[in-house]
Amino acid sequence: MEKTHPFIPYQPWKTPSESETIQASGDFYQFMDKRRSVRDFSDKPVPKSCIENLIMTAASAPSGAHKQPWTFCAVSNAEIKKQIREAAEKEEYLSYNGRMSEEWIKDLAPMGTDWNKPFLEIAPWLIIMFRKSYDLESGQKKKNYYVMESVGIAAGFLITAIHQAGLVTLTHTPSPMNFLQKILHRPDNEKPFLLLPVGYPSGGARVPDLKRKSGDEVIIYHE
Ligand code: IYR
């Protein structure tokens, strides 16, 4: 098929040998395997330019038909963080006290979580990702595709960038989380997807003693 849209040459950023691919992928695996979801934050400030770099990394993710169906709200304002904490804890209290099944509460026990979310005020920044099921172009609805997949991949990029910067985060999903749309004044075509507090870990930060599945448990080769 003749291409009617312009293409440009792909510029590989490096041309590694076989052994270099093994080395680089192994190094990166070791580095990523050190990432943990952290809930104990320091209030030490993080510069806005750092947050901007992290978000632009996330926004470089692939997306359905390159529609980039996302908006990122970056909140450092103490009053807004307080409003978010209060609204999230209200929902979480109801979830932990009746909305979540007994099995769910039991599965969560090793994580040591409860309805209290102090990190929503202590972390210097909250990044809230919104998914856009459609865009509005001069009042016309323009459809987006594979929105969940696209924002999920962007979230992965964001978490990786946060880890690489030496900062910590966790994926917080208060449920339901429509309150974020209201507090942050987002339009109807934007629905909250994920809330990520970003900052330094507190001095004595602790994480649950979890083990990850082995290669044998997660990979099936067909060679
Ligand atoms: N959203 C709640 C509950 C929660 C659910 C899962 I699944 C987790 O892995 C962790 C927490 C909360 O943030 O506490």
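Counting convention: from 1, in listed order, for ligands and their atoms alike.
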Notebook entry, point to check: What is the closest protein heavy atom to atom 12 (C) of ligand 1, and at what distance does it sit?
Noted result: E92 OE1, 2.6 Å

Next item on the list: Please identify which atoms of ligand 1 are closer than 4.0 Å to at least one heavy atom of K117.
Entry: 12 (C), 13 (O), 14 (O)

Note to self: Is it true that, when you exclude Y96 itself, more than 12 heavy atoms of the residues, nucleotides or ligands shown sit nearer than 6.0 Å to its OH?
What the structure shows: yes

Check: Of all the non-hydrogen atoms in the protein, which one sits nearest to atom 4 (C) of ligand 1, and at what distance?
Finding: L108 CD1, 3.6 Å

Next item on the list: State whether the number of non-hydrogen atoms from other residues, nucleotides or ligands found under 6.0 Å of M56 atom CE is greater than 12.
Entry: no

Next item on the list: For atom 7 (I) of ligand 1, find the nearest protein heavy atom and state the residue, atom name and distance (0.1 Å precision).
Entry: W104 NE1, 3.5 Å

Check: Charged N to carboxylate O below 4.0 Å: is that the case for D33 and R212?
Finding: yes

Notebook entry, point to check: In ligand 1, which numbered atoms sit nearer than 4.0 Å to a non-hydrogen atom of H172?
Noted result: 13 (O)

Next item on the list: Considering heavy atoms of the protein only, find what lies nearest to atom 3 (C) of ligand 1 and give residue, atom and distance to 0.1 Å.
Entry: Y96 OH, 3.4 Å

Item checked: For A61 against W70, the heavy-atom pair lying closest together -> O-CH2, 3.4 Å

Notebook entry, point to check: Looking just at side-chain N and O atoms, do S214 and E217 make a donor-acceptor pair shorter than 3.5 Å?
Noted result: yes

Margin query: Tell me whether T173 has any N or O atom under 3.5 angstrom from an N or O of ligand 1.
Written below: yes

Check: Is any NZ, NE, NH1 or NH2 atom of the basic residue among E102 and K106 found under 4.0 Å from an Asp or Glu carboxylate oxygen of the other?
Finding: no

